[in-house]
Amino acid sequence: SMSTESEEEEEEQRLNTSMRLRYLRFWCQFLGTPVCLHMYERTSVCATLEAVDPKQQALLVSSLKTPIGVYPEASLRCSDILRVSLPQTCEGVEHVGRRVRMDGAG
C-alpha cells in the first residue's frame, strides 16, 4: 500500500540522515589533526585536516606534504583516498595510529 511505501521511504531517509551525521561527527573530532592519506598508486601524503565537504566528496586540508612539495591548502577527493591514518607523527616511515577505510570496509 502507499502508506507502507511512504513509511519505508521516511525510515530510509532517517537512516541516511543518521549515517551522514555520524560520518560528519566522526570527521569533526579530527579537525586540526595531522593525518596521513593513503591514495591510489601507492601514494601517501600528510596534511592537517581542516574540514569535510558537506556532500562528503572531499577533505579540505592544510600543509599538504607531497613527494613534489608542500601545498598550503588543498581539497582532496574522497574517491581518491583509500585509507586515512591518524598517526602520532606523519613524518616517520612507520605510521602508527588508528586507520580509517574510506570505502566503509573494516
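From a predicted model like this one, the values you see are computed outputs, not experimental measurements.
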If you round to the nearest 0.5 Å, how far is [atom2] of [Y] from [atom1] of [X]?
X: Glu8; Y: Glu11; atom1: CD; atom2: CD; result: 9.5 Å
X: Leu49; Y: Gln29; atom1: CG; atom2: CD; result: 10.5 Å
X: Leu82; Y: Tyr40; atom1: CG; atom2: OH; result: 4.5 Å
X: Asn16; Y: Glu9; atom1: CG; atom2: CD; result: 11.5 Å

Under 4.5 Å between any side-chain heavy atoms of [X] and [Y], yes or no?
X: Glu50; Y: Thr48; result: yes
X: Cys36; Y: Val45; result: no
X: Ser85; Y: Arg83; result: yes
X: Leu76; Y: Leu37; result: yes

Working for side chain to side chain contact (heavy atoms under 4.5 Å, CB included), residues Trp27 and Val84: CA-CA 11 Å; Trp27 284 114; Val84 177; 3.8 Å; yes

[X] with [Y], same ILVMFWY side-chain cluster at under 4.5 Å:
X: Val61; Y: Tyr71; answer: yes
X: Leu64; Y: Ile68; answer: yes
X: Phe26; Y: Leu59; answer: yes

May I ask you to check whether over 12 heavy atoms, not counting those of [X], lie within 6.0 Å of atom [atom1]?
X: Arg14; atom1: CZ; result: yes
X: Gln56; atom1: CD; result: yes
X: Glu12; atom1: CD; result: no

Heavy-atom closest pair, residues Ile81 and Met39: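 Minimum heavy-atom contact is CG1-SD, 3.7 Å.
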
Trace of the side chain to side chain contact (heavy atoms under 4.5 Å, CB included) decision for Gln57 with Cys78: CA-CA 5 Å; Gln57 296 174 345; Cys78 288; 5.8 Å; no

Backbone N/O of Phe30 and side chain of Thr33: donor-acceptor pair under 3.5 Å: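 A pair under 3.5 Å: yes.
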
